[in-house]
There are 2 protein chains.
Amino acid sequence: MNRRPTINDIARLARVSKKTVSRVINQSPLVRDDTRERINAIIAETGFVPDPQARGLAFRRSFLVGMIYDNPNPQYVVNMQAGLLDGMRGSGFELVVHPCNRQSPTFLSDVRDFVERLKLFGVVLPPSASEDERLPPIFDELDCAYVRIASVAMDDPEAMVVTNDHVGGIVAARHLVELGHRRVGHISGPPTFRSAHERKRGFAQELAAHDVKLLSKNVAEGAYSFESGIACAEKLLARTPRITGIFCGNDEMAAGVLYAARKAGISVPRELSVVGYDDFQVAARVWPPLTTVCTPTREVGRIAADQLLRSVGDAHGVRYDPQAILPTLVVRESTGPAPKDA
Amino acid sequence: MNRRPTINDIARLARVSKKTVSRVINQSPLVRDDTRERINAIIAETGFVPDPQARGLAFRRSFLVGMIYDNPNPQYVVNMQAGLLDGMRGSGFELVVHPCNRQSPTFLSDVRDFVERLKLFGVVLPPSASEDERLPPIFDELDCAYVRIASVAMDDPEAMVVTNDHVGGIVAARHLVELGHRRVGHISGPPTFRSAHERKRGFAQELAAHDVKLLSKNVAEGAYSFESGIACAEKLLARTPRITGIFCGNDEMAAGVLYAARKAGISVPRELSVVGYDDFQVAARVWPPLTTVCTPTREVGRIAADQLLRSVGDAHGVRYDPQAILPTLVVRESTGPAPKDA
DNA sequence: CTGAAAGCGCTTACAG
DNA sequence: CTGAAAGCGCTTACAG
């Protein structure tokens, strides 16, 4: 036949009612085994795929998953999308992207409208949208599943994927301490990102464990941007005695530190070791290539999609292990032994 | 009322049939003005929005637009998505992302299945998916609109947005010539990208117009990747007499050239001027910051969405001006006067 | 210019 | 275990 087969075609071919075909599609146990097999054979043979729009209309729910994000980093966004798609492949669900601005006065109504109009099955929220506590009640009200991706648990385990960013801070601290650094600094992300807090917390905690103090005069608050990295570095690198190692909340700010250090004639890593966070492409492009902390963002996305679709699908019964996602250190050339004379 | 109003609610409130409401929704002229106004008032009052799934089912076509791409650059992908969303805002259409691999044996059937299953209204194809001539016949057959984004026209004007990449090559050449460079080189993208050819063509053409020859020994074929930029630069920078200026097919490869030049002890821009292409974030992060060619990708995306939705919507009747999109040069610190002794 | 009937391709609610 | 009827919220095809 020329057009795509419908449930009616399958029913006719299998000499059953469309309702029985519907049962097979929806994996209802209320179908005799031989009936099911016959129908499945015909489905396979004809290449029948139920129309998601028709199904959605009847279900009062679409087969679409929204990614709602205000994350400004392209690499993060693309990695996350790829991961979500990995987890959704073969499920019949599709990904609708929805960048947004949390500062907008219409933010909440925009999100509500988006979810309601498309009757979304579920949404995935990366940081910092994931950290907005005004959102979950909206999804609950609209009966839309959600998974929040955040640096720390802040909701039911079913609705979370946690990236344990404090561990990233710990790993960075350990690396600098092992290289002999004792006067260290930190440029944090903006306080509106929970990750900024977590990364700093882990860093300070692990330093303390090695009797290294993170002096407040050696800490600056950046904005996760290249420019803010430059500005903070200019401030911190002017202090004496100068720090010999610095951990930045992300690669963008670390790139800014490299920029500022070069302008100030400070050699990296001979006089200053720099650690970033993210391991995005830029990390390997700057000079010197950045030692940085790597979160497996694509894998995080895959897990988030799995979590979201856990209710449907036949497999995926198990919840993921929250400890499975741990930031790791990627050592490149921006870190080295603390200067002897320090 | 608690639930969202439907067409039946509006019809009842307006004391007309749902068919008349439907006519108003679809902007049919066959409605008396006062009837239309009364209905529109009620629609506005109730906040009625027609259910896209129900509409789609009846129309046999969804309100979804697919972005089908195999472009590996995250920044490009995100800029393009943002532009498409700009153009789709308020239209009721949504964007479904579909990364793919043109080399996969199932590529064509994957695309067909995606379009057919979702009954996509249309698709947007950035490079290099846009350059695959096997795709348009599939979209035509499935009655799915499409817009191809490419460096050069290769389809009906309605189905194209052209980025005129040869102009980028021209601009790069002019810049190097004006700085006094006469021994110049080029690292091209892979031949599977039409843009690689166009950028090189424009570059060579404008050099020739200034009596500067692009010697084939000073041209290398890269893969649009950082690593390929390094490899090509190592080859080209070993030749004597050495080139004093180089134009790279994209920023990634230009970053590779900076890397290789540093390793080889060649000072940029004193001994070597480097021009990139794209003006992605990395361009301003490397050292020295890259002079590069900038295509307004987000704007290109907006135009592509406009083109695609031109048939619907009340405005947007006019086609875009193909000359509107022109690459421009962004001058930073990686280019300077040709060395005196050259 | 307007509407009643039928239908898009599915599922729910109810029977049996 | 299976099915006939009604319905999801719209539009098409046909009348008038």
Side-chain angles (χ1 to χ4, degrees), chain A residues 1 3-40 42-43 46-64 92-93 116-121 143 312, chain B residues 1 3-40 42-43 46-64 92-93 116-121 143 312:
Chain A
M1 81 190 72
R3 61 179 222 298
R4 301 192 70 176
T6 72
I7 196 172
N8 289 307
D9 299 319
I10 306 302
R12 188 163 26 75
L13 290 168
R15 298 174 200 287
V16 295
S17 74
K18 62 210 265 196
K19 177 60 215 174
T20 299
V21 178
S22 172
R23 287 200 179 87
V24 171
I25 295 171
N26 292 292
Q27 319 208 45
S28 157
L30 302 172
V31 184
R32 238 171 46 207
D33 281 348
D34 62 330
T35 310
R36 178 194 318 282
E37 279 165 31
R38 186 155 43 93
I39 294 175
N40 271 330
I42 294 172
I43 288 178
T46 56
F48 168 67
V49 180
D51 181 325
Q53 269 187 147
R55 236 149 74 95
L57 182 60
F59 270 139
R60 294 153 187 79
R61 185 136 310 284
S62 74
F63 289 84
L64 299 173
F93 285 81
E116 198 171 13
R117 184 165 39 80
L118 295 186
K119 295 208 180 73
L120 292 183
F121 171 83
D143 197 30
V312 293
Chain B
M1 84 189 70
R3 63 180 218 300
R4 302 192 70 177
T6 71
I7 196 172
N8 289 307
D9 299 318
I10 306 302
R12 189 164 24 77
L13 290 168
R15 298 175 201 287
V16 294
S17 74
K18 61 209 267 197
K19 177 61 217 174
T20 300
V21 178
S22 172
R23 287 199 179 87
V24 172
I25 294 171
N26 293 291
Q27 319 208 46
S28 157
L30 302 172
V31 183
R32 239 172 46 207
D33 281 349
D34 60 331
T35 309
R36 179 194 317 284
E37 279 165 31
R38 186 155 41 92
I39 293 175
N40 271 330
I42 293 172
I43 287 177
T46 56
F48 168 67
V49 179
D51 181 324
Q53 268 186 152
R55 239 153 68 98
L57 182 59
F59 270 139
R60 295 155 186 77
R61 186 137 308 286
S62 75
F63 289 83
L64 299 173
F93 285 81
E116 197 171 13
R117 185 165 39 82
L118 295 186
K119 294 207 182 73
L120 292 182
F121 170 83
D143 199 29
V312 294

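Below, read A as the first sequence line, B as the second, and so on, with proteins coming before strands; counting in each chain starts at 1. Because only heavy atoms are used, hydrogens play no part in the values below, and waters and symmetry mates are left out as well, while side chains stay in.
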May I ask you to verify if any side-chain N or O of [X] is less than 4.0 angstrom from the OP1 or OP2 atom of [N]?
X: T35(B); N: dT2(C); result: yes
X: S17(A); N: dG3(D); result: yes
X: T20(A); N: dG3(D); result: yes
X: N8(B); N: dG9(D); result: no
X: R55(B); N: dG9(D); result: no

5'-most by nearest nucleotide on DNA chain C - L30(B) or F59(B):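 Mapping each residue to its closest nucleotide by heavy atoms, the 5'-most match is L30(B).
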
First encountered from the 5' end of DNA chain C, between A58(B) and V31(B): V31(B)

Nearest to the side chain of T6(A), which nucleotide is it out of dC8(C), dC10(D), dC10(C)? dC10(C)

Out of dG3(C), dT11(C), dT11(D), which has the shortest distance to the side chain of S22(A)?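 Of all the options, the side chain of S22(A) is nearest to dT11(C).
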
At their closest point, which heavy atom of L118(B) faces which heavy atom of S62(B), and how far apart are they?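 Shortest heavy-atom separation between L118(B) and S62(B) comes out as O-OG, 2.9 Å.
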
Do you know the tightest heavy-atom contact between R55(A) and N26(A)?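 Shortest heavy-atom separation between R55(A) and N26(A) comes out as NH1-OD1, 2.8 Å.
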
Watson-Crick or G-U wobble partner of dA13(D), both distances under 3.5 Å: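 Pairing partner, where one exists within any strand: none, as none qualifies.
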
I'd like to know if the side chain of R36(B) and the backbone of S28(B) have a donor-acceptor N/O pair within less than 3.5 Å. yes

Determine whether a donor-acceptor pair (N or O, by modelled atom type, separation under 3.5 Å) exists between the side chain of R15(B) and the backbone of L13(B). no

Between [N] ([atom2]) and [X] ([atom1]): distance, integer Å:
X: I7(A); N: dC8(C); atom1: CD1; atom2: C1'; answer: 13 Å
X: Q53(A); N: dT11(D); atom1: CD; atom2: P; answer: 12 Å
X: I10(A); N: dT2(D); atom1: CD1; atom2: P; answer: 17 Å
X: K18(B); N: dG7(D); atom1: NZ; atom2: C1'; answer: 10 Å
X: L57(B); N: dT11(C); atom1: CG; atom2: P; answer: 12 Å
X: R12(A); N: dG3(D); atom1: CZ; atom2: P; answer: 15 Å
X: R4(B); N: dG9(D); atom1: CZ; atom2: C1'; answer: 12 Å
X: K19(B); N: dC1(C); atom1: NZ; atom2: C1'; answer: 12 Å

Verdict with reasoning, V21(A) to N8(A), per side-chain contact (heavy atoms from CB on, under 4.5 Å): CA-CA 9 Å; V21(A) 178; N8(A) 289 307; over 6 Å; no

Looking at F93(B) versus F121(B), is the centre-to-centre ring distance below 6.0 Å?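 Centroid separation for F93(B) and F121(B): below 6.0 Å.
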
Check this for me: does the side-chain of R23(A) come within 3.5 Å of the base of dG3(D) through a donor and an acceptor?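 Indeed there is one.
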
What's F48(B) touching, base or sugar-phosphate or nothing? Going by heavy atoms closer than 4.0 Å.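 F48(B): backbone/sugar contact only, no base atoms under 4.0 Å.
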
Closest nucleotide of DNA chain D for D51(B) versus for R15(A): which of these residues is on the 5' side?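 Nearest nucleotide further toward 5': that of R15(A).
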
